[in-house]
> 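Sharing a structure with you now.
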Protein chains: 2
Amino acid sequence: MGEFVTQPAGVAGGNTAAVSSEVPSFQPLYQQIKALLTQRLESGEWRPGESIPSEHELAAQFGVSQGTVRKAIDELAGENLVVRRQGKGTFVATHTEAASSIFRFLRVRRNDGQDEYPASELLDVRRGRASADIARAIDLKPGDGVLLLRRLLRYGGEPTVLDDITLPANLFKGFTKERFDVYEGSMYGFFETEFGVRMLRAEEQLRAVAADPVTAEALRVGIGSPLLCVERIAYTYGDRPVEFRRGLCTTRSHHYANTLS
Amino acid sequence: MGEFVTQPAGVAGGNTAAVSSEVPSFQPLYQQIKALLTQRLESGEWRPGESIPSEHELAAQFGVSQGTVRKAIDELAGENLVVRRQGKGTFVATHTEAASSIFRFLRVRRNDGQDEYPASELLDVRRGRASADIARAIDLKPGDGVLLLRRLLRYGGEPTVLDDITLPANLFKGFTKERFDVYEGSMYGFFETEFGVRMLRAEEQLRAVAADPVTAEALRVGIGSPLLCVERIAYTYGDRPVEFRRGLCTTRSHHYANTLS
DNA sequence: CAGTGGTCTAGACCACATC
DNA sequence: ATGTGGTCTAGACCACTGG
């Protein structure tokens with residue numbers, strides 16, 4: 001046991017003597033384990049929805065106690081990289097499940113409180129070059145190839161959100177409207193299964209804007225009507241940004257829900 | 001040791017025999033400890049900013065191991081009821097600290113990314129009766145006495161957010177504009193130190209609306225301009241709602257920031 | 001039944017803060 | 001030097017799932 005250990009194992013905190021001015025200057029064992037697991041997750045060693053080895057087995061692999069592995073996995077579960085299921089195992093998180101996490105990246109809700117999953121219609125797929133703004137947002141060079149999607153969300157048939165989505169072209173080679181239309185499920189589920197791009201986290205900025213003519217027609221509101229503007233940058237492993245999205249949303253019979261805790 | 005234990009201690013999971021159809025049918029020891037600690041926190045046994053007993057001492061009091069107390073406190077810290085400080089102790093969370101948690105309930109940021117704490121001006125304090133809507137929102141009976149505050153937030157002198165705040169009158173007896181004006185710090189800090197009401201969690205609904213004449217003048221925007229409308233219900237211990245708030249926000253040079261994770 | 005995650009213990013030692 | 005939270009261990013037992 002312990003032959004797979006690539007980090008100073010068995011040290012139990014004895015690694016105080018950092019060479020020079022490093023920021024952490026001390027890293028708990030379970031953080032090292034977590035980093036190793038994250039690496040293996042990112043590498044695709046286990047696919048989304050599959051189970052990873054049991055805590056016991058990982059403990060043996062790394063030559064540490066089960067409690068230490070447990071703490072590492074606890075953090076991964078807290079970051080939604082992984083899902084624990086008692087009695088069954090620990091599974092790589094996936095966007096392709098009807099689990100409760102469907103609304104993790106979808107904050108637009110009906111005012112009456114009913115949970116309704118909207119229908120998504122892809123209106124347009126184009127290829128283009130990143131503007132300076134977009135390039136800065138998703139860490140590209142201006143002029144890099146991007147994919148431009150326009151997408152409409154309908155709640156109960158009512159057009160509610162018009163999204164403009166920008167993706168780095170090199171990560172989504174072979175993207176076509178037809179391929180998306182055939183796919184059943186959420187957009188992030190599509191990205192995950194078809195292109196291996198997993199969205200883990202996102203930051204959003206919300207503003208109120210006046211409806212421009214094109215959006216007004218798509219959402220069936222008057223020109224100049226107030227719309228909620230939601231700009232999102234979504235990140236994958238290593239906090240690398242891989243999507244910029246600008247959504248315009250009618251809030252006649254819907255709202256954006258958020259919890260502060 | 002162990003004489004303070006009020007729950008089946010030392011059982012180590014042996015409490016399977018629930019009498020009949022109860023929902024949990026089994027509650028981990030650390031959850032019971034957590035419930036006891038929450039109770040003592042709510043009772044005011046320790047005041048905000050004060051330290052609670054050490055893990056070692058609590059373990060002795062409850063007659064359980066330190067690891068079990070630790071897990072209970074971990075969850076309390078996760079819910080921001082309590083703050084851990086290595087080497088110093090565990091402290092009751094407070095809104096009256098310039099810590100990083102100042103922006104926990106303040107999501108309006110400048111577009112340029114600079115963190116600026118806005119100036120707050122209380123424009124009006126009135127007493128009134130709860131409308132049916134408000135009563136439902138904060139769990140009052142229609143006609144119950146409420147406190148109605150109007151408050152303006154300025155960022156760099158620029159009027160940006162106009163808040164209408166409704167509070168149950170019985171929890172805020174003796175509230176006056178003068179008392180607030182004298183107080184230094186955030187509104188929730190004021191509620192906490194002056195009235196013992198601690199806001200722990202909030203739910204918000206965001207919409208885009210057109211500026212009415214009064215708001216337009218206060219925020220120096222044109223009538224009908226799009227404004228971000230933020231409705232909030234804030235909760236204290238036991239998830240009891242104790243504040244309804246409706247804020248209207250210009251998003252010319254500001255935005256509402258949110259992280260999805 | 002065996003295998004998995006979940007709880008709990010008792011004790012050791014480390015990092016940090018304070019005196 | 002002491003007391004605090006933070007890490008780690010080795011092992012036991014429990015709850016849940018599935019064959």
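Computed over heavy atoms, backbone and side chain alike; hydrogens, waters and symmetry mates excluded. Residue numbers start from 1 in every chain, and the chains themselves are labelled A, B, ... in the order their sequence lines are given, proteins ahead of strands. For clarity, every value in this text was computed on a predicted model and none was experimentally measured.
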> For residues 82-90 of chain A, tabulate all N or O donor-acceptor pairs below 3.5 Å that involve a side-chain atom, not counting sequence neighbours.
residue : atom : partner : partner atom : Å
A:Arg84 : NH1  : A:Asp74 : OD1          : 2.5
A:Arg84 : NH2  : A:Glu55 : OE2          : 2.1

> Taking side-chain hydrogen bond (donor to acceptor under 3.5 Å, both in side chains) as the definition, give me every residue that meets it alongside B:Lys71, ordered by chain and number, with sequence neighbours left out.
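B:Lys71 satisfies side-chain hydrogen bond (donor to acceptor under 3.5 Å, both in side chains) with no other residue.
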> Determine yes or no for a side-chain-to-main-chain donor-acceptor pair under 3.5 angstrom, with A:Arg107 supplying the side chain and A:Ala257 the backbone.
yes
> Near DNA chain D, under 4.0 Å by heavy atom, which residues of residues 38-59 of chain A?
none
> Looking only at the aromatic ring of each residue, does the gap between the centers of B:Phe175 and B:Phe195 stay below 6.0 angstrom?
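Close enough - the centres of the two rings lie under 6.0 Å apart.
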> Between D:dG6 atom P and A:Asp74 atom CG, what is the distance in whole Å?
15 Å
> If you take any heavy atom closer than 4.0 Å to DNA chain C, which residues from residues 65-72 of chain B end up in contact?
B:Ser65, B:Thr68, B:Lys71
> Quick check on C:dG6: is either OP1 or OP2 less than 4.0 Å from any side-chain nitrogen or oxygen of A:Arg84?
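It does, given that an N or O in the side chain of A:Arg84 lies less than 4.0 Å from OP1 or OP2 of C:dG6.
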> Any carboxylate oxygen within less than 4.0 angstrom of a Lys/Arg side-chain nitrogen, looking at A:Glu203 and A:Arg232?
no
> Aromatic contact between B:Phe191 and B:His95, with the criterion being ring centroids under 6.0 Å apart: yes or no?
no
> Specify the closest pair of heavy atoms between A:Trp46 and A:Arg198, including all atoms of both residues, with the distance to one decimal.
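In this case the closest contact between A:Trp46 and A:Arg198 is O-NH2, 4.4 Å.
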> In whole Å, what is the span from the CZ atom of B:Phe26 to the C1' atom of D:dC14?
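For the pair B:Phe26 CZ and D:dC14 C1', the rounded distance is 7 Å.
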> Any salt bridge between B:Lys173 and B:Glu194, counting N to O under 4.0 Å?
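Between B:Glu194 and B:Lys173 there is no salt bridge, as every charged N stays at least 4.0 Å from the carboxylate O atoms.
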> Nearest whole Å is fine: how far is D:dA15 P from B:Tyr30 OH?
14 Å
> If I take atom CD in residue B:Gln27 and atom C1' in nucleotide C:dG6, what distance separates them, rounded to the nearest angstrom?
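Going from CD in B:Gln27 over to C1' in C:dG6 covers 14 Å.
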> May I ask you to check whether B:Glu204 and B:Tyr256 show a side-chain donor-acceptor distance below 3.5 Å?
yes
> Please name the residue in the list B:Thr236, B:Leu147, B:Ile233, B:Ile165 that meets the side-chain contact (heavy atoms from CB on, under 4.5 Å) test with B:Glu243.
B:Ile165
> Hey, what are the protein-to-nucleotides 17-19 of chain D N/O distances that come in under 3.5 Å?
residue : atom : partner : partner atom : Å
D:dG18  : OP1  : A:Lys88 : NZ           : 3.3

> Considering residues at least two apart in sequence or located in another chain, which fulfil the ring pair (Phe, Tyr, Trp, His ring centres under 6.0 Å) criterion with B:Tyr183?
B:Phe190
> State which of C:dG5, D:dT7, D:dG6 makes the closest approach to the side chain of A:Pro28.
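My answer, after comparing the listed nucleotides, is D:dT7.
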> What is the distance from CG of B:Leu76 to P of D:dG5, rounded to the nearest Å?
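Interatomic distance, CG of B:Leu76 to P of D:dG5: 13 Å.
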> Please report the distance, rounded to the nearest Å, between CD in B:Gln32 and P in C:dC8.
8 Å
